[in-house]
Enquirer: 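Input: one structure, supplied below.
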Amino acid sequence: MSLRLVFVADTHVPKRARALPEQVWAAVDDADVVFHAGDWVSTDLLDEFERRSTRLIGVYGNNDGDALRQRLPETATVTLDGVRFSMIHETGQAKGREQRCEALFPDADVLVFGHSHIPWDTVAPGGLRLLNPGSPTDRRRQPVCTYMTAVVANSSFGDVQLVDVRTSP
């Protein structure tokens with residue numbers, strides 16, 4: 001059996017986008033587990049993710065107010081078919097990130113994070129996989145908006161794909 005995963009962060013709805021693109025909602029609807037690495041901005045968006053996700057794992061970000069912080073943790077951990085995930089919104093500067101995160105999350109196989117809106121997929125020297133899905137609504141200095149998908153099967157994590165969000169004509 002395999003689990004289909006979707007990773008999003010930095011949705012900033014409704015401040016930077018009025019709504020999440022339908023392409024992203026379709027991915028959420030089809031996923032077995034959805035990770036959201038913070039900066040939701042509105043509880044309405046969290047409510048919609050909870051309604052549409054088979055299973056949702058979320059954390060708050062630096063742009064999330066008290067109402068979201070009351071409902072979401074700063075960090076989350078979950079084990080899916082033997083693969084240990086941790087998630088936090090912010091990891092600090094890019095320089096030294098892998099080593100710093102390995103020290104902060106020694107029991108994780110995969111660390112999901114956000115904040116920069118810049119997609120990131122690296123493996124630290126000790127084997128920790130670090131993933132930032134970018135943002136599906138605010139590309140900042142990136143060429144396109146993005147999110148990620150992956151699969152957990154037979155206690156193994158893989159098939160990570162960075163997905164470009166298509167814009168309407």
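By convention here, the first residue in the shown sequence is residue 1. What you are looking at is a predicted structure, and each value in this text was computed from that prediction instead of being measured. Hydrogens, waters and symmetry mates are skipped; everything else that's a heavy atom, side chains included, is used.
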Enquirer: I need the Arg4 CZ to Asp30 CG distance, nearest 0.5 Å.
Expert: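 That separation rounds to 6.0 Å.
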Enquirer: Would you say that Leu68 contacts Val41 through its side chain, given a criterion of any heavy-atom pair below 4.5 Å between the two side chains?
Expert: no
Enquirer: Is the CG atom of Asp66 crowded by more than 12 outside heavy atoms at less than 6.0 Å?
Expert: no
Enquirer: Ignoring hydrogens and angles, tell me if any N or O in the side chain of Glu98 forms a donor-acceptor pair with the backbone of Pro125 under 3.5 Å.
Expert: no
Enquirer: Would you confirm whether Asp10, through its side chain, and His115, through its main-chain N or O, come within 3.5 Å as a donor-acceptor pair?
Expert: yes
Enquirer: Show the nearest heavy-atom pair for residues Ala108 and Leu128, with the distance to one decimal.
Expert: O-CD1, 3.5 Å
Enquirer: To check you understand the geometry: which heavy-atom pair defines the closest contact between Arg100 and Thr91, and what is its length?
Expert: NH2-O, 2.9 Å
Enquirer: Within the structure provided, determine whether Phe105 and Asp107 are in side-chain contact (heavy-atom separation under 4.5 Å).
Expert: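 No, side chains not in contact.
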Enquirer: Give every residue pair that meets the ring-ring contact (aromatic ring centres under 6.0 Å, His included) criterion with at least one member in residues 47-69, sequence neighbours excluded.
Expert: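 Every ring-ring contact (aromatic ring centres under 6.0 Å, His included) pair that includes a residue of residues 47-69, provided the two are not neighbours, is Trp25-Phe49, His36-Phe49, Trp40-Phe49.
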Enquirer: With a 3.5 Å distance limit and no angle check, can you tell me whether Thr137 reaches the backbone of Thr11 through a side-chain donor-acceptor pair?
Expert: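 Yes; at least one donor-acceptor contact below 3.5 Å.
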Enquirer: Side chains of Thr75 and His89: does their closest heavy-atom pair fall under 4.5 Å?
Expert: no
Enquirer: May I ask you to decide if Asp138's main-chain N or O and Ser135's side chain share a donor-acceptor pair within less than 3.5 Å?
Expert: yes
Enquirer: Check the pair Asp159, Gln161 against side chain to side chain contact (heavy atoms under 4.5 Å, CB included), reporting the backbone distance first and the verdict last.
Expert: CA-CA 6 Å; Asp159 196 25; Gln161 295 183 4; 3.4 Å; yes
Enquirer: Any donor and acceptor pair, going by atom type alone, linking the side chain of His117 with main-chain N or O of Arg140 inside 3.5 Å?
Expert: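 Not a single qualifying donor-acceptor pair exists.
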Enquirer: In terms of hydrophobic clusters joined by side-chain contacts under 4.5 Å, are Val13 and Val165 together?
Expert: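 Same hydrophobic cluster.
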Enquirer: Find out whether Val8 and Val24 are in side-chain contact, i.e. whether some heavy atom of one side chain is under 4.5 Å from a heavy atom of the other.
Expert: yes
Enquirer: Could you pull out the closest heavy-atom pair between Leu162 and Pro133, with the gap in Å?
Expert: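 Closest approach of Leu162 to Pro133, heavy atoms only: CD1-O, 4.0 Å.
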Enquirer: Side-chain contact test, heavy atoms from C-beta onward, threshold under 4.5 Å: evaluate it for Glu90 versus Asn62 and give yes or no.
Expert: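 A side-chain contact under 4.5 Å exists here.
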Enquirer: In sequence, state the C-alpha distance, the side-chain angles, and the governing distance for Thr146 and Asp164, and then conclude on side chain to side chain contact (heavy atoms under 4.5 Å, CB included).
Expert: CA-CA 5 Å; Thr146 57; Asp164 293 351; 3.9 Å; yes
Enquirer: Between Ile57 and Met87, is there a side-chain heavy-atom distance shorter than 4.5 Å?
Expert: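 A side-chain contact under 4.5 Å exists here.
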Enquirer: For Arg55 and Val78, run side chain to side chain contact (heavy atoms under 4.5 Å, CB included): C-alpha distance rounded to whole Å, both residues' side-chain angles, the deciding distance at 0.1 Å, then the answer.
Expert: CA-CA 11 Å; Arg55 182 172 182 190; Val78 64; 3.1 Å; yes
Enquirer: Are Val160 and Val123 in one and the same hydrophobic cluster, where Ile, Leu, Val, Met, Phe, Trp and Tyr link if side-chain heavy atoms are under 4.5 Å apart?
Expert: no
Enquirer: Can a salt bridge be assigned to the pair Arg71 and Asp47 using a cut-off of 4.0 Å between side-chain N and carboxylate O?
Expert: yes
Enquirer: Let me confirm one number: the CG-OG distance from Asp32 to Ser53, rounded to the nearest 0.5 Å.
Expert: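 One gets 11.0 Å once the value is rounded to the nearest 0.5 Å.
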Enquirer: If hydrophobic clusters are built by linking Ile, Leu, Val, Met, Phe, Trp and Tyr wherever their side-chain heavy atoms come under 4.5 Å apart, do Leu131 and Val83 end up in the same one?
Expert: yes
Enquirer: Taking Ser2 for its side chain and Val151 for its backbone only, find out whether a donor-acceptor pair lies under 3.5 Å.
Expert: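 Checked: no pair found.
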Enquirer: Measure across Ala37 and Ile88 and return the closest heavy-atom pair with its distance rounded to 0.1 Å.
Expert: CB-O, 4.2 Å
Enquirer: Could you measure the distance from the CD atom of Gln93 to the OG atom of Ser116? Nearest 0.5 Å is fine.
Expert: 12.5 Å
Enquirer: State whether the side chain of Asp64 and the backbone N or O of Gly61 hold a donor-acceptor pair below 3.5 Å, judged by distance alone.
Expert: yes
Enquirer: Same cluster for Phe113 and Leu5 if Ile/Leu/Val/Met/Phe/Trp/Tyr side chains link at under 4.5 Å?
Expert: no
Enquirer: For a quick test of reading the model, state the closest non-hydrogen atom pair linking Asp109 to Gly82 and the distance between them.
Expert: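 What the structure gives for the nearest pair is OD2-O, 3.9 Å.
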Enquirer: Are Val152 and Val6 in one and the same hydrophobic cluster, where Ile, Leu, Val, Met, Phe, Trp and Tyr link if side-chain heavy atoms are under 4.5 Å apart?
Expert: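 Hydrophobic grouping puts Val152 apart from Val6.
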Enquirer: Is there side-chain contact between Val110 and Arg84, with at least one heavy-atom pair below 4.5 Å?
Expert: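 Of all side-chain heavy-atom pairs linking Arg84 with Val110, none is under 4.5 Å.
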Enquirer: Heavy atoms, side chains only, cut-off 4.5 Å: are Trp120 and Leu130 in contact?
Expert: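 Trp120 vs Leu130: side chains touch.
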Enquirer: Do Asp121 and Arg129 sit within salt-bridge range, that is, some charged N less than 4.0 Å from a carboxylate O?
Expert: yes
Enquirer: Would you say the ring centroid of Phe85 lies under 6.0 angstrom from that of Phe35?
Expert: yes
Enquirer: Do side-chain atoms of Thr54 reach the backbone of Val33 as a donor and acceptor pair under 3.5 angstrom?
Expert: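 Here the side-chain-to-backbone pair does not exist.
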Enquirer: Using a 3.5 Å distance criterion without hydrogens, assess whether the side chain of Ser42 forms a donor-acceptor pair with backbone atoms of Leu45.
Expert: yes
Enquirer: Specify the closest pair of heavy atoms between Asp81 and Asn154, including all atoms of both residues, with the distance to one decimal.
Expert: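 Looking at all heavy atoms of both residues, the closest pair is OD2-N, 3.1 Å.
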Enquirer: Does this structure show an ion pair linking Arg97 with Glu102, if we count only N-O contacts that are shorter than 4.0 Å?
Expert: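 No, this pair does not count.
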Enquirer: Say whether, by atom type as modelled, one donor and one acceptor occur between the side chain of Asn132 and the main chain of Gly114 under 3.5 angstrom.
Expert: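 Here the side-chain-to-backbone pair exists.
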